[in-house]
Amino acid sequence: MPESTLFEDKYDKIVDLARRRGFFWPSYEIYGGVAGFYDLGPLGTMLKVNIVNLWREYFVLKHQDFVTEIETPVIAPEVLFRASGHLDHFTDPIVECLECGRKYRADHLVEELAGLKAEGSDVEELDSIIRERGLRCPQCGGDLSEVRTFNLLFRTTIGPYSSDVGYLRPEAAQGMFSAFKRAFVAMRERLPLGIAQIGRVARNEISPRQGMVRLREFTIMEVEFFHDPEGEDPPWDRFSGKLRLLPAEARLRGEEKPVEIGVVEAIDEGIIKNKWLGYWMCVSREFVRELGIEYGETYFEEKLPHERAHYSAQTFDQVVRISRWGWIEVSGHAYRTDYDLRRHMELSGQDMTVFKPFKEPRIVEVERVVADKSVLGRVLGPSMAPFLEALKRMSPDEVKRALEGPGETVTIAGFEVPKSAVRVVKEREKVSGTRFVPHVAEPSFGAERLVLAVLDKAYTEDEGRVVLRIPRRVAPVKVAVFPLLEKEELVRVAREVYMKLMSLGLTVVYDESGSIGRRYARADEIGVPYAVTVDFQTLSDNTVTIRDRDTKQQIRVSLGELHRRLLELLGLAAATALSP
RNA sequence: GCGGCGGUCGUCCAGCCUGGUCUAGGACGCCGGCCUUCCACGCCGGAGAUCCCGGGUUCGAAUCCCGGCCGCCGCACCA
């Protein structure tokens, strides 16, 4: 029995509310809709903007001493995804039953039916195994089609030539990797360096079905954190503490409950293979908590090797339990090692290494090949250039071996040269550092899933009324302003208050229709944390009431201090600390 | 992609089996009016649906049949 059935299935109610009040709805509805695409409505857009900004606060602003944000295009040339491995790996081999039409992962089918290790085999291998062994559809026994691959990248062309193939990015990461050197120089060549990006990505999912959980296009929030794996420790004084983890080996034992363990301990014990991966998991835990998801409602599940992406040495998914769908992944934490930068070095020919100074310069003895060009020039003439090229590619040991043997001349790399013209010398050299390819730890969030998770956690009912207990910081509308009654003198003051709060930068709604109770209910339903009511007492002493969404408690404050009190209540007071 | 179930005002649902009386009904929500001094009050009125799309059967289709699209569930798939 799935765990999710133990919880009241609020999903339908949330979807209903989302449509009615304008959080989100399926895209292109007038044409029947297209699976995997959702619009965000007025409230959904504001909520998402707030979530995105909170993410930026945690991942960028609180780390702006070493994390910076950039923006790169959604469309990229084919070579980028050849380098990243997505053209080859962001794909699945599929066979189809010609009788019943069922589709199977070809490698899984071969493993299951033939008992062979097939994961990673190419299409031809899988195809021939299926033919040789006469594998058939496990469901109906029908003939199987040829193995083909389905790539989840959306393909397009760049400009008028169909040969200029481009793809919509399935992750923002590759834009950051390909711009690494620029950003690194702009950030004054210091490591560690986090490059953050918030942007749209697209994945051509075969059959997206879980509403806002699985979209073909969504907003991703990622940090590619470039660092030296042997370098300095993360700033544990900023984020640290215990993580709820479900390690892969525990999953293999059949465990389903996460264990709670201090992050530093988890790193020391090798459960988390990279310390920055662990650090950003701590940041993620706090960020998600501020969205209204308590520690006990989220944990990090390590992916098994075959579940991991091709670039990852270790992956944890941060999961959150919501109604209907159970535990859903809201963020992925991948230790990408130096895979991506190395691949981009190979395909672009550009150097992506970073200089790492030693604490003390070292004097080392090195062997170097020295060529006497004045001699060689006379002997080789125009052949000197190719000879020097070939020589450069040889190690000192190889050269030494070539120089052994009798006679005045030797043949090196096919060129006959005088022995005296090539020497291997030992030199003492001062080395102040070394170059290496930075490693990457990547926390990556899907914004729309967070919108859904926030709504799911916030959704409550109180005597048949819906109250969205959205955390104040991310509530789309912060304040509602009402006249107690629709009397001209109350309306006038209430409208003034409304305009004033709006001009001071708060998101505010004004409502005068229906009873005061109905208006509170309408505000509660879209998660407005505070409602300000102008009543008859206001007219005599300039005070109004502030009513709390969650407790229904009211306090009375003067109009003069209303704005400041609201900022305090909303947790935004710090932003105005310097205001008069 | 397969199988099952479904698609009717903004929302939820009735009607469909047994074709006509459906100019498609109700509730909630929305708008207006009256009433109302703090938690969806009451009364009155109004707007709002080419019944998912296309085709077929029929004198006549929301209703029956076929195809498509979309959604949910199961399978499969899923960075």
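Everything quoted here is computed from the prediction, not taken from an experiment. Computed from heavy atoms alone, side chains included, the values below leave out hydrogens, waters and symmetry copies.
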With heavy atoms under 4.0 Å as the rule, sort [X] into base, sugar-phosphate or nothing.
X	answer
A/Arg547	base
A/Ser444	nothing
A/Gly33	sugar-phosphate
A/Gly514	nothing
A/Val532	nothing
A/Asp16	sugar-phosphate
A/Phe90	base

Any strand is fair game: report the nucleotide pairing with [N] by Watson-Crick or G-U wobble, both distances under 3.5 Å, or none.
N	value
B/U50	none
B/C12	B/G26
B/C43	B/G33
B/G71	B/C5
B/G19	none

Tell me the interatomic distance from [X], atom [atom1], to [N], atom [atom2], rounded to whole angstroms.
X	N	atom1	atom2	result
A/Lys487	B/U36	NZ	P	7 Å
A/Leu485	B/C41	CG	C1'	13 Å
A/Lys13	B/C13	NZ	P	12 Å
A/Arg336	B/A79	CZ	C1'	9 Å
A/Ile526	B/A40	CD1	P	18 Å
A/Leu17	B/C30	CG	P	13 Å
A/Phe37	B/C69	CZ	P	15 Å
A/Asp511	B/A40	CG	C1'	12 Å

Please report the distance separating the [atom1] of [N] from the corresponding atom of [M], rounded so that it comes out in whole Å.
N	M	atom1	value
B/G55	B/U63	P	14 Å
B/U11	B/C16	P	23 Å
B/U57	B/A47	C1'	37 Å
B/A79	B/C5	C1'	32 Å
B/C43	B/A14	P	26 Å
B/C41	B/C52	C1'	39 Å
B/G26	B/G67	C1'	34 Å
B/G25	B/C70	C1'	26 Å

Of all the nucleotides listed ([options]), which has the minimum atom distance to the side chain of [X]?
X	options	result
A/Arg556	B/C38, B/C31, B/A79	B/C38
A/Arg214	B/U37, B/G10, B/C77	B/C77
A/Arg465	B/C77, B/A79, B/A40	B/A40
A/Gln554	B/C77, B/C41, B/C38	B/C38
A/Glu525	B/A40, B/U37, B/C39	B/A40
A/Tyr520	B/C30, B/C39, B/A79	B/C39
A/Leu484	B/C72, B/C30, B/C38	B/C38
A/Ser515	B/A40, B/C73, B/A79	B/A40
A/Lys552	B/C73, B/C39, B/A79	B/C39
A/Ala35	B/G71, B/C38, B/A40	B/G71

| field | A/Arg549 side chain reached by A/Ile470 side chain, heavy atoms, under 4.5 Å | value | yes
| said: Could you check whether any side-chain heavy atom of A/Leu245 comes within less than 4.5 Å of a side-chain heavy atom of A/Ile272, counting everything from C-beta outward? | reply: yes
Cationic N near anionic O, under 4.0 Å, [X] to [Y]:
X	Y	answer
A/Arg203	A/Glu217	no
A/Arg216	A/Glu205	no
A/Arg21	A/Asp16	no
A/Arg465	A/Glu525	no
A/Glu302	A/Arg251	no

| Under 3.5 Å, is there a donor-acceptor pair linking the side chains of A/Tyr520 and A/Thr533? | yes
| Would you say the side chain of A/His89 and the base of B/A79 hold a donor-acceptor pair, judged only by whether the two atoms sit under 3.5 Å apart? | no
